[in-house]
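As structure tokens, the structure follows; a few thoughts come after it.
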There are 2 protein chains.
Amino acid sequence: MQTKIVAFIERLQQVTTFDGIQRLIEQLRDLYQVEHLIYHSVNSAGEPYAALTYSLDWVDHYLEQDYGRIDPVVLGCYQRFHPVDWKRLDWSSKRVRNFLLEASDAGIGNQGFSIPIRGPNGQFALFTVNHRCSDEEWLRFTDAHVRDLLLIAHYVNQKALEVERGTDRLPDQSLSPRELDALTMLGMGKSRGHAAEILSISEHTLRVYIESARFKLGAANTTHAVALAMARGKIIV
Amino acid sequence: MQTKIVAFIERLQQVTTFDGIQRLIEQLRDLYQVEHLIYHSVNSAGEPYAALTYSLDWVDHYLEQDYGRIDPVVLGCYQRFHPVDWKRLDWSSKRVRNFLLEASDAGIGNQGFSIPIRGPNGQFALFTVNHRCSDEEWLRFTDAHVRDLLLIAHYVNQKALEVERGTDRLPDQSLSPRELDALTMLGMGKSRGHAAEILSISEHTLRVYIESARFKLGAANTTHAVALAMARGKIIV
DNA sequence: ATTACCCTCCCCATTTTCGGGGAATTATAA
DNA sequence: TTATAATTCCCCGAAAATGGGGAGGGTAAT
């Protein structure tokens, strides 16, 4: 069994394009004989990327409906450190059950196992195995392959980051100490006036920091700037 | 070497109080013969807790100065999934270098290794080993003990959560779907008017959601509500 | 079936923030 | 050293948010 993963990692090293990752994901699905395999990520600029074996119809529908915001797999893994079996997630809300029905119709299996991954600057990725089978079968599968999957998830993410770095993007905008102070205060719920008082600067000055931070982050308004700074790990509230 | 950790885990099971955890941390420091051992966490309500071997003076100073917001160890690990050696963190800013000098004066060693941990509802914890030695010595130490430390970090966090659950806290406030929608839109930078339009409701209605979400989250204003919802993993922007 | 919560709509007055300007001194870095 | 960035201060009008109030219909659970 170990030869599988060794061969895979060797082949992964050759890959230099997103297409290559996609093909590898498909080969991996066949190798492990599961219904679906999904790698998807959101980089620091918020751009999504995915290599997966779901039907394109489902992917389009998912994106159109912005299901990433209610999908318990995404929500549940976003802040988690450890891989999680889909059974352990929260499927209780009505909206989610509806989503589940649609997913099932689109050919998504009832069993799933997802591995969250985090990269630099808030980059977030998920590596998911999906299958349709009984709980017992699934338990046997996961027990047998968790280690492999962890390694694969890690390597695939590394490769995706590497390939993406080729597509040169805007450099990571760094915020000045005062800008971080300002955003932190606002994120903590202080009003501009109070925040300025705490930082011992005029309210006007505070506003300059917020403005420049907003500009650097490409944020539409103050709330957005705070949200982006948080999402990118620049501040903690 | 393995007997060390087995004995530790057994003793850990007996612990039922915060004081017990503190004593165990001290014993662990002696066991591994390092300068300092630190476990600290922030729960879903934002309350900090720590069991550590730093001097109380330094802890007081750290809290008073709110160094948690600039400490590269905290910042760097907050969004990371994997343990990290302090050398790999970003110590470049002036403010940080100053912090480092103060820390060194307070008896904190030059070498460190921190393990981030995440629990339910945005709970975040750090397990850190600190020592004063050369890079080579430190490499030998970490190489020899990473596995142990990972396990210990995990068990200590579990125990801390368990002990904390005893001190019954306010139940986790759940937000309604529409409240989540509203906060998500604002977190994405939409204005109230635009957000209402996207959600196909009146701007007045949107405001009701924001107000109730703010109330539930105990937030002072909209920006705060979005920040809290993000920190608690309720929304993704 | 009653309670409770969710969703939707509306008014008003007050406070706060936004987005455009401009300008000075001090650090930091190339 | 010279440029670039950071830090600090200021004005103003338009726009948005806040904090009260009230009201009706729906759904879900007890």
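By convention in this document, chain letters (A, B, ...) are assigned in the order of the sequence lines, proteins followed by strands, and residues within each chain are numbered from 1.
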Could you state the CG-P distance from Leu206(B) to dC10(C), rounded to the nearest angstrom? 13 Å
Ile210(B) CD1 to dC6(C) P: how many Å, rounded? 16 Å
Which part of the nucleic acid, if any, lies within reach of Asn221(A) when heavy atoms closer than 4.0 Å are counted: base, sugar-phosphate only, or nothing? nothing
Minimum-distance nucleotide to Thr205(A) side chain [options: dT8(C), dT17(C), dC9(D)]: dC9(D)
Taking only side-chain N and O atoms of Lys94(B), does any of them lie within less than 4.0 angstrom of OP1 or OP2 on dA27(C)? no
Tell me the interatomic distance from His224(B), atom NE2, to dA17(D), atom C1', rounded to whole angstroms. 17 Å
Let me spell it out: for each of Arg95(A) and Glu203(A), pick the nucleotide of DNA chain C with the closest heavy atom. Which residue's pick is nearer the 5' end? Arg95(A)
Quick check for you: among dC18(C), dA17(D), dC9(C), whose closest atom lies nearest to any side-chain atom of Glu211(A)? dC18(C)
Donor/acceptor link under 3.5 angstrom from Arg207(B) side chain onto base of dG21(D): no
Does Ser212(B) reach a base, just sugar-phosphate, or nothing at all? Heavy atoms under 4.0 Å. nothing
Please work out if Ala220(A) contacts a base, only the sugar-phosphate, or nothing of the nucleic acid, heavy-atom cut-off 4.0 Å. sugar-phosphate
Establish, with yes or no, whether the OP1 or OP2 oxygen of dA6(D) is under 4.0 angstrom from a side-chain nitrogen or oxygen of Arg178(A). no
May I have the distance from Ile201(A) (atom CD1) to dC9(D) (atom C1'), rounded to whole angstrom? 11 Å
Going by an N to O cut-off under 4.0 Å, is there a salt bridge joining Lys159(B) and Glu162(B)? yes
On DNA chain D, check which nucleotide each of Val208(B) and Pro177(A) is closest to and give me the residue with the more 5' one. Pro177(A)
For the pair made of NZ in Lys190(B) and C1' in dA16(D), what is the distance, rounded to whole Å? 17 Å
From dG19(D), dT8(D), dC11(C), pick the nucleotide closest to the side chain of Arg214(B)? dG19(D)
Whole-Å distance between dA16(D) P and Glu197(B) CD? 12 Å
Counting only side-chain N and O atoms of Thr222(A), is one of them less than 4.0 Å from OP1 or OP2 of dC18(C)? yes
Choose from dC10(C), dA27(C), dA17(D) the nucleotide whose nearest atom is closest to any side-chain atom of Ser202(B). dC10(C)
Ser176(A) has its side chain closest, among dC7(C), dC9(D), dT7(D), to dT7(D)
Do the side chains of Glu211(B) and Arg214(B) get close enough for a salt bridge, i.e. N-O under 4.0 angstrom? yes
Lys216(B), nearest nucleotide to its side chain (from dT17(C), dC11(D), dC6(C)): dC6(C)
Hey, is the side chain of Tyr209(B) poking within less than 4.0 Å of OP1 or OP2 on dT8(C), counting only N and O atoms? yes
Pairing of Arg178(A) and Asp181(A) as salt bridge, 4.0 angstrom limit: yes
Report the relative orientation of the aromatic rings in Trp138(B) and Phe141(B); use parallel for angles under 30°, tilted for 30 to 60°, perpendicular for over 60°. parallel
Looking at every non-hydrogen atom in both residues, tell me the closest pair between Tyr49(B) and Ala160(B) and how far apart they are. CE2-CB, 4.3 Å
May I have the distance from His204(B) (atom NE2) to dC7(C) (atom P), rounded to whole angstrom? 19 Å
Arg192(B) vs dA16(D): side-chain N/O to OP1/OP2 distance below 4.0 Å: no
Please report the distance, rounded to the nearest Å, between CG in Leu199(B) and P in dT8(C). 9 Å
Identify the heavy atoms of Val73(B) and Ser114(B) that sit nearest to each other, and give their distance. CG1-OG, 3.2 Å
